[in-house]
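Here's the structure, in C-alpha coordinates; my notes come after.
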Amino acid sequence: MLPKTIEWKENKVIILDQRRLPEEEVYLECKDVYAVAEAIKTLAIRGAPAIGIAAAMGTALGALGIEKRDFTSFYRELLSICHTLEQTRPTAINLHWALQRMKVICETNKEANVEALKELLVTEALAMLEEDIEINKRIGEAGKDLIRDGDTILTHCNAGALATGGYGTALGVIRRAWEQGKGIKVVATETRPLLQGARLTAWELKREGIPVTLITDHMAGYLMKRGEINLIIVGADRIACNGDVANKIGTYTLAVLAKENDIPFYVAAPLSTFDQSINRGEEIPIEERGEEEVIAPWGKRIAPMGIGVRNPAFDITPHRYVTAIVTERGVIRAPFKETLKRMWAEGNGK
Ligand code: MRU
(Lines give C-alpha, C1' and ligand atoms only; values in the text may rest on other atoms or scores of the structure.)
Protein backbone atom coordinates (compact mmCIF):
# COMPACT_ATOMS: atom_id res chain seq x y z
CA MET A 1 0.00 0.00 0.00
CA LEU A 2 1.17 3.50 -0.83
CA PRO A 3 1.95 5.74 2.15
CA LYS A 4 -0.54 8.56 2.84
CA THR A 5 1.62 11.65 2.64
CA ILE A 6 -1.04 14.16 3.59
CA GLU A 7 -4.72 14.07 4.54
CA TRP A 8 -7.49 16.39 5.64
CA LYS A 9 -9.32 14.96 8.66
CA GLU A 10 -11.86 16.72 10.89
CA ASN A 11 -10.54 20.15 9.99
CA LYS A 12 -6.94 19.19 10.66
CA VAL A 13 -4.09 18.51 8.27
CA ILE A 14 -2.48 15.15 8.93
CA ILE A 15 1.09 14.89 7.66
CA LEU A 16 3.32 11.82 7.63
CA ASP A 17 6.45 13.19 9.31
CA GLN A 18 9.15 12.38 6.75
CA ARG A 19 11.93 13.53 9.09
CA ARG A 20 11.31 10.40 11.17
CA LEU A 21 11.35 7.91 8.28
CA PRO A 22 12.42 5.18 7.84
CA GLU A 23 12.62 4.42 11.57
CA GLU A 24 9.16 5.54 12.59
CA GLU A 25 5.83 6.19 10.86
CA VAL A 26 4.60 9.16 12.84
CA TYR A 27 1.80 11.51 11.80
CA LEU A 28 1.71 15.21 12.66
CA GLU A 29 -1.67 16.73 13.43
CA CYS A 30 -1.55 20.32 12.21
CA LYS A 31 -4.31 22.37 13.78
CA ASP A 32 -3.38 25.75 12.32
CA VAL A 33 -1.58 27.29 9.38
CA TYR A 34 1.58 27.91 11.43
CA ALA A 35 1.95 24.20 12.14
CA VAL A 36 1.61 23.48 8.40
CA ALA A 37 4.12 26.21 7.53
CA GLU A 38 6.57 24.75 10.06
CA ALA A 39 6.07 21.25 8.63
CA ILE A 40 6.94 22.53 5.13
CA LYS A 41 9.92 24.57 6.33
CA THR A 42 11.44 21.74 8.33
CA LEU A 43 10.79 19.13 5.60
CA ALA A 44 8.32 17.07 7.60
CA ILE A 45 6.57 17.25 4.24
CA ARG A 46 8.66 17.91 1.14
CA GLY A 47 8.75 17.36 -2.61
CA ALA A 48 7.30 20.00 -4.94
CA PRO A 49 3.74 18.67 -5.49
CA ALA A 50 3.35 17.66 -1.81
CA ILE A 51 4.47 21.13 -0.72
CA GLY A 52 1.80 22.63 -3.02
CA ILE A 53 -0.95 20.46 -1.54
CA ALA A 54 0.22 21.21 2.02
CA ALA A 55 0.17 24.95 1.26
CA ALA A 56 -3.38 24.70 -0.12
CA MET A 57 -4.55 22.74 2.93
CA GLY A 58 -2.71 25.16 5.21
CA THR A 59 -4.55 28.05 3.56
CA ALA A 60 -7.91 26.29 4.00
CA LEU A 61 -7.06 25.61 7.64
CA GLY A 62 -6.08 29.23 8.16
CA ALA A 63 -9.29 30.39 6.45
CA LEU A 64 -11.42 28.36 8.87
CA GLY A 65 -9.91 30.35 11.73
CA ILE A 66 -10.67 33.80 10.24
CA GLU A 67 -13.40 35.54 12.22
CA LYS A 68 -14.05 38.49 9.87
CA ARG A 69 -17.51 38.49 8.29
CA ASP A 70 -17.02 40.77 5.27
CA PHE A 71 -15.14 39.75 2.13
CA THR A 72 -12.54 42.54 2.16
CA SER A 73 -11.37 41.91 5.71
CA PHE A 74 -11.57 38.13 5.23
CA TYR A 75 -9.49 38.29 2.05
CA ARG A 76 -6.92 40.59 3.68
CA GLU A 77 -6.33 37.94 6.38
CA LEU A 78 -6.27 35.17 3.81
CA LEU A 79 -3.53 36.97 1.85
CA SER A 80 -1.49 37.24 5.02
CA ILE A 81 -1.91 33.47 5.56
CA CYS A 82 -0.73 32.87 1.99
CA HIS A 83 2.24 35.14 2.64
CA THR A 84 3.24 33.06 5.68
CA LEU A 85 3.15 29.91 3.55
CA GLU A 86 4.97 31.57 0.63
CA GLN A 87 7.95 32.26 2.90
CA THR A 88 8.54 28.60 3.73
CA ARG A 89 10.49 27.32 0.70
CA PRO A 90 11.44 29.36 -2.36
CA THR A 91 12.30 26.92 -5.15
CA ALA A 92 9.30 24.66 -5.73
CA ILE A 93 6.91 26.60 -7.96
CA ASN A 94 4.03 24.27 -7.01
CA LEU A 95 3.79 26.13 -3.69
CA HIS A 96 3.06 29.44 -5.44
CA TRP A 97 0.85 27.75 -8.03
CA ALA A 98 -1.30 26.18 -5.28
CA LEU A 99 -1.58 29.43 -3.32
CA GLN A 100 -2.54 31.26 -6.50
CA ARG A 101 -5.36 28.75 -7.03
CA MET A 102 -6.63 29.43 -3.51
CA LYS A 103 -6.55 33.20 -4.12
CA VAL A 104 -8.47 32.76 -7.38
CA ILE A 105 -11.21 30.89 -5.47
CA CYS A 106 -11.67 33.97 -3.29
CA GLU A 107 -11.44 36.45 -6.12
CA THR A 108 -14.03 34.66 -8.23
CA ASN A 109 -16.46 34.24 -5.32
CA LYS A 110 -16.49 37.73 -3.83
CA GLU A 111 -20.28 37.63 -3.60
CA ALA A 112 -20.34 34.43 -1.52
CA ASN A 113 -20.70 34.78 2.25
CA VAL A 114 -17.61 34.05 4.28
CA GLU A 115 -18.81 30.65 5.56
CA ALA A 116 -19.51 29.49 1.99
CA LEU A 117 -16.09 30.78 0.92
CA LYS A 118 -14.39 28.78 3.66
CA GLU A 119 -16.12 25.65 2.38
CA LEU A 120 -15.04 26.41 -1.19
CA LEU A 121 -11.43 26.77 -0.05
CA VAL A 122 -11.49 23.41 1.74
CA THR A 123 -13.06 21.80 -1.34
CA GLU A 124 -10.37 23.30 -3.59
CA ALA A 125 -7.53 22.03 -1.39
CA LEU A 126 -9.03 18.53 -1.32
CA ALA A 127 -9.50 18.64 -5.09
CA MET A 128 -5.80 19.45 -5.50
CA LEU A 129 -4.87 16.31 -3.58
CA GLU A 130 -7.13 14.10 -5.70
CA GLU A 131 -6.05 15.76 -8.96
CA ASP A 132 -2.39 15.34 -8.09
CA ILE A 133 -2.75 11.57 -7.64
CA GLU A 134 -4.57 11.36 -11.00
CA ILE A 135 -1.92 13.51 -12.70
CA ASN A 136 0.85 11.29 -11.36
CA LYS A 137 -0.87 8.21 -12.71
CA ARG A 138 -1.07 9.89 -16.10
CA ILE A 139 2.64 10.78 -15.89
CA GLY A 140 3.34 7.12 -15.10
CA GLU A 141 1.31 6.01 -18.08
CA ALA A 142 2.96 8.53 -20.41
CA GLY A 143 6.46 7.51 -19.33
CA LYS A 144 6.19 3.77 -18.86
CA ASP A 145 7.49 2.90 -22.35
CA LEU A 146 10.74 4.75 -21.70
CA ILE A 147 11.58 1.81 -19.44
CA ARG A 148 12.33 -1.59 -20.95
CA ASP A 149 12.14 -5.01 -19.38
CA GLY A 150 15.41 -5.65 -17.53
CA ASP A 151 16.41 -1.98 -17.17
CA THR A 152 18.28 -0.60 -14.19
CA ILE A 153 17.06 2.90 -13.44
CA LEU A 154 18.90 5.46 -11.36
CA THR A 155 16.87 8.03 -9.44
CA HIS A 156 17.92 10.87 -7.17
CA CYS A 157 16.26 12.31 -4.06
CA ASN A 158 12.62 11.24 -3.66
CA ALA A 159 10.05 11.97 -6.35
CA GLY A 160 7.65 9.31 -5.14
CA ALA A 161 4.33 9.01 -3.31
CA LEU A 162 5.95 10.81 -0.39
CA ALA A 163 6.82 13.84 -2.53
CA THR A 164 3.32 14.14 -4.00
CA GLY A 165 -0.32 13.50 -3.15
CA GLY A 166 0.42 9.86 -3.97
CA TYR A 167 1.99 7.55 -6.63
CA GLY A 168 4.83 9.92 -7.47
CA THR A 169 6.29 11.52 -10.60
CA ALA A 170 9.67 9.89 -11.34
CA LEU A 171 8.77 6.95 -9.09
CA GLY A 172 5.29 7.01 -10.71
CA VAL A 173 6.90 6.16 -14.06
CA ILE A 174 8.97 3.42 -12.40
CA ARG A 175 5.89 2.16 -10.53
CA ARG A 176 3.84 1.96 -13.74
CA ALA A 177 6.60 0.00 -15.52
CA TRP A 178 6.74 -2.37 -12.52
CA GLU A 179 2.93 -2.80 -12.57
CA GLN A 180 3.27 -3.80 -16.24
CA GLY A 181 5.39 -6.70 -15.07
CA LYS A 182 8.73 -5.38 -16.31
CA GLY A 183 11.69 -6.87 -14.46
CA ILE A 184 13.36 -3.65 -13.40
CA LYS A 185 15.82 -2.58 -10.73
CA VAL A 186 16.26 0.83 -9.16
CA VAL A 187 19.48 2.42 -7.96
CA ALA A 188 18.73 5.16 -5.41
CA THR A 189 21.35 7.79 -4.60
CA GLU A 190 21.43 8.57 -0.89
CA THR A 191 21.03 12.33 -1.60
CA ARG A 192 23.19 14.25 0.84
CA PRO A 193 22.68 16.16 3.04
CA LEU A 194 19.14 15.14 4.05
CA LEU A 195 19.22 11.62 2.61
CA GLN A 196 15.83 11.66 0.87
CA GLY A 197 17.04 8.83 -1.41
CA ALA A 198 18.26 6.60 1.42
CA ARG A 199 15.51 7.33 3.91
CA LEU A 200 12.49 7.84 1.65
CA THR A 201 12.97 6.38 -1.85
CA ALA A 202 14.51 3.16 -0.55
CA TRP A 203 11.73 2.89 2.07
CA GLU A 204 8.97 3.50 -0.48
CA LEU A 205 10.30 1.04 -3.05
CA LYS A 206 11.06 -1.67 -0.51
CA ARG A 207 7.49 -1.48 0.83
CA GLU A 208 6.28 -2.34 -2.66
CA GLY A 209 8.83 -5.03 -3.37
CA ILE A 210 10.52 -3.09 -6.18
CA PRO A 211 14.22 -4.08 -6.09
CA VAL A 212 16.29 -1.14 -4.90
CA THR A 213 20.02 -0.72 -4.37
CA LEU A 214 21.36 2.21 -2.39
CA ILE A 215 24.56 4.06 -3.35
CA THR A 216 26.21 7.18 -1.97
CA ASP A 217 25.94 10.12 -4.35
CA HIS A 218 29.44 10.04 -5.77
CA MET A 219 29.23 6.34 -6.73
CA ALA A 220 26.83 7.13 -9.58
CA GLY A 221 29.51 7.94 -12.19
CA TYR A 222 31.35 4.69 -11.53
CA LEU A 223 28.19 2.65 -12.14
CA MET A 224 27.33 4.64 -15.28
CA LYS A 225 30.80 4.15 -16.73
CA ARG A 226 30.56 0.40 -16.11
CA GLY A 227 27.29 0.22 -18.07
CA GLU A 228 25.26 -0.66 -14.99
CA ILE A 229 22.66 2.10 -15.47
CA ASN A 230 20.27 2.12 -18.44
CA LEU A 231 18.46 5.37 -17.73
CA ILE A 232 18.04 8.09 -15.15
CA ILE A 233 14.73 9.58 -14.10
CA VAL A 234 14.26 12.37 -11.57
CA GLY A 235 11.56 14.83 -10.50
CA ALA A 236 11.67 18.63 -10.65
CA ASP A 237 10.96 21.60 -8.40
CA ARG A 238 10.63 24.15 -11.18
CA ILE A 239 11.13 24.06 -14.94
CA ALA A 240 11.89 27.21 -16.95
CA CYS A 241 10.37 27.99 -20.38
CA ASN A 242 13.52 26.74 -22.13
CA GLY A 243 13.42 23.36 -20.35
CA ASP A 244 16.12 24.09 -17.73
CA VAL A 245 15.30 22.07 -14.61
CA ALA A 246 15.68 22.94 -10.92
CA ASN A 247 15.84 19.78 -8.82
CA LYS A 248 17.59 18.41 -5.76
CA ILE A 249 21.27 19.34 -5.45
CA GLY A 250 23.34 16.77 -7.34
CA THR A 251 20.91 16.42 -10.25
CA TYR A 252 23.12 18.53 -12.53
CA THR A 253 26.14 16.34 -11.81
CA LEU A 254 24.13 13.22 -12.68
CA ALA A 255 22.84 14.77 -15.93
CA VAL A 256 26.34 15.71 -17.11
CA LEU A 257 27.61 12.23 -16.29
CA ALA A 258 24.64 10.71 -18.11
CA LYS A 259 25.50 12.64 -21.29
CA GLU A 260 29.17 11.64 -21.03
CA ASN A 261 28.09 8.00 -20.76
CA ASP A 262 25.28 8.09 -23.38
CA ILE A 263 22.57 7.37 -20.85
CA PRO A 264 19.11 8.94 -21.34
CA PHE A 265 18.27 11.50 -18.66
CA TYR A 266 14.53 11.97 -18.06
CA VAL A 267 12.63 14.40 -15.86
CA ALA A 268 9.06 13.61 -14.74
CA ALA A 269 6.91 16.51 -13.58
CA PRO A 270 3.35 17.80 -13.69
CA LEU A 271 2.57 20.92 -15.75
CA SER A 272 2.16 22.82 -12.46
CA THR A 273 5.97 22.58 -12.08
CA PHE A 274 6.58 24.67 -15.24
CA ASP A 275 7.07 28.37 -14.59
CA GLN A 276 5.85 30.32 -17.59
CA SER A 277 7.24 33.55 -16.13
CA ILE A 278 10.83 32.31 -16.10
CA ASN A 279 12.84 32.00 -19.30
CA ARG A 280 16.04 30.33 -18.10
CA GLY A 281 17.20 28.23 -15.19
CA GLU A 282 19.46 31.00 -13.86
CA GLU A 283 16.35 32.99 -12.91
CA ILE A 284 15.03 30.25 -10.58
CA PRO A 285 15.55 31.09 -6.88
CA ILE A 286 17.66 28.44 -5.17
CA GLU A 287 17.06 27.72 -1.50
CA GLU A 288 20.16 27.83 0.71
CA ARG A 289 19.61 25.92 3.93
CA GLY A 290 21.35 26.09 7.30
CA GLU A 291 24.95 24.89 7.73
CA GLU A 292 24.05 22.38 10.49
CA GLU A 293 22.57 20.00 7.86
CA VAL A 294 26.06 19.70 6.33
CA ILE A 295 28.37 20.07 9.30
CA ALA A 296 26.32 18.26 11.94
CA PRO A 297 23.71 16.02 10.28
CA TRP A 298 21.27 14.55 12.81
CA GLY A 299 23.12 16.27 15.61
CA LYS A 300 26.45 14.50 14.96
CA ARG A 301 29.31 16.88 14.20
CA ILE A 302 31.35 15.55 11.25
CA ALA A 303 33.65 18.50 10.52
CA PRO A 304 35.64 21.01 12.58
CA MET A 305 34.09 24.23 13.82
CA GLY A 306 35.05 27.54 12.24
CA ILE A 307 35.05 26.49 8.57
CA GLY A 308 32.93 27.76 5.70
CA VAL A 309 29.88 25.67 4.75
CA ARG A 310 27.56 25.92 1.74
CA ASN A 311 24.20 24.21 1.55
CA PRO A 312 22.26 24.94 -1.66
CA ALA A 313 19.25 22.59 -1.65
CA PHE A 314 18.79 22.54 -5.44
CA ASP A 315 20.73 23.00 -8.65
CA ILE A 316 19.89 23.78 -12.25
CA THR A 317 20.29 21.24 -15.03
CA PRO A 318 20.55 23.02 -18.39
CA HIS A 319 18.03 21.67 -20.89
CA ARG A 320 20.74 20.38 -23.22
CA TYR A 321 21.32 17.54 -20.76
CA VAL A 322 17.63 16.59 -20.58
CA THR A 323 16.57 13.86 -23.02
CA ALA A 324 12.84 14.34 -22.39
CA ILE A 325 10.34 15.63 -19.83
CA VAL A 326 7.43 13.34 -18.93
CA THR A 327 4.23 15.23 -18.12
CA GLU A 328 0.59 14.26 -17.68
CA ARG A 329 0.08 15.42 -21.29
CA GLY A 330 2.79 13.19 -22.70
CA VAL A 331 6.53 13.12 -23.25
CA ILE A 332 8.07 16.44 -24.32
CA ARG A 333 11.36 16.32 -26.19
CA ALA A 334 13.82 18.99 -27.30
CA PRO A 335 13.52 21.68 -28.53
CA PHE A 336 11.62 22.35 -25.28
CA LYS A 337 11.16 26.08 -25.74
CA GLU A 338 9.26 25.74 -28.99
CA THR A 339 7.21 22.74 -27.84
CA LEU A 340 6.25 24.42 -24.56
CA LYS A 341 5.39 27.69 -26.31
CA ARG A 342 3.10 25.78 -28.67
CA MET A 343 1.53 23.95 -25.72
CA TRP A 344 0.76 27.14 -23.79
CA ALA A 345 -0.56 28.80 -26.95
CA GLU A 346 -2.92 25.88 -27.53
CA GLY A 347 -4.17 26.38 -23.97
CA ASN A 348 -2.79 23.04 -22.86
CA GLY A 349 -0.69 24.51 -20.09
CA LYS A 350 -3.11 24.05 -17.24
O1 MRU B 1 14.17 19.31 -0.57
P2 MRU B 1 13.11 18.39 -1.09
O3 MRU B 1 13.13 17.03 -0.45
O4 MRU B 1 11.73 19.04 -1.04
O5 MRU B 1 13.47 18.21 -2.62
C6 MRU B 1 12.63 17.40 -3.41
C7 MRU B 1 13.10 17.24 -4.80
O8 MRU B 1 14.09 17.80 -5.22
C9 MRU B 1 12.25 16.40 -5.71
O10 MRU B 1 13.02 15.75 -6.66
C11 MRU B 1 11.24 17.32 -6.43
O12 MRU B 1 10.56 18.13 -5.53
C13 MRU B 1 10.26 16.54 -7.23
S14 MRU B 1 9.11 15.67 -6.23
C15 MRU B 1 7.97 14.91 -7.21
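Each ligand, and each atom within it, is numbered from 1 in the order the structure gives. We're numbering straight along the sequence, starting at 1.
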Report task. Please write out which residues are connected to Trp178 in a hydrophobic cluster, directly or through intermediates, given that two of Ile, Leu, Val, Met, Phe, Trp, Tyr count as joined at side-chain heavy-atom separations below 4.5 angstrom. Result -> Ile135, Ile139, Leu146, Ile147, Ile153, Leu171, Val173, Ile174, Ile184, Val186, Leu205, Ile210, Val212, Leu231, Ile233, Tyr266, Val326, Val331

**Report entry** Basic-acidic side-chain contact under 4.0 Å: Arg69, Glu115
**Finding:** yes

Query - Arg46-Asn158 side chain donor-acceptor pair, cut-off 3.5 Å - result: yes

Requested in this report: Can you sort out the partners of Arg320 under salt bridge (charged side-chain N to carboxylate O under 4.0 Å, His left out), two or more places apart, ordered by chain and number?
Outcome: none

Report task. For Glu131, enumerate each residue passing the side-chain hydrogen bond (donor to acceptor under 3.5 Å, both in side chains) test, keeping only those at least two apart in sequence or located in another chain. Result -> Arg101

Report task. Kindly say whether Arg176 contributes a backbone atom to a donor-acceptor pair with the side chain of Glu141 at under 3.5 angstrom? Result -> no

Does ligand 1 have any N/O pairs with the protein under 3.5 Å, and how far apart?
| from | atom 1 | to | atom 2 | distance (Å) |
| --- | --- | --- | --- | --- |
| ligand 1 | 1 (O) | Arg89 | NH1 | 3.4 |
| ligand 1 | 1 (O) | Arg89 | NH2 | 2.8 |
| ligand 1 | 1 (O) | Lys248 | NZ | 2.7 |
| ligand 1 | 3 (O) | Arg46 | NE | 2.8 |
| ligand 1 | 3 (O) | Arg46 | NH2 | 3.3 |
| ligand 1 | 3 (O) | Gln196 | NE2 | 2.9 |
| ligand 1 | 4 (O) | Gly47 | N | 3.0 |
| ligand 1 | 4 (O) | Arg89 | NH1 | 2.8 |
| ligand 1 | 8 (O) | Asp237 | OD1 | 2.9 |
| ligand 1 | 8 (O) | Asn247 | OD1 | 3.2 |
| ligand 1 | 8 (O) | Lys248 | N | 3.2 |
| ligand 1 | 10 (O) | Asn247 | OD1 | 2.6 |
| ligand 1 | 12 (O) | Ala48 | N | 2.8 |
| ligand 1 | 12 (O) | Asp237 | OD1 | 3.1 |
| ligand 1 | 12 (O) | Asp237 | OD2 | 3.1 |

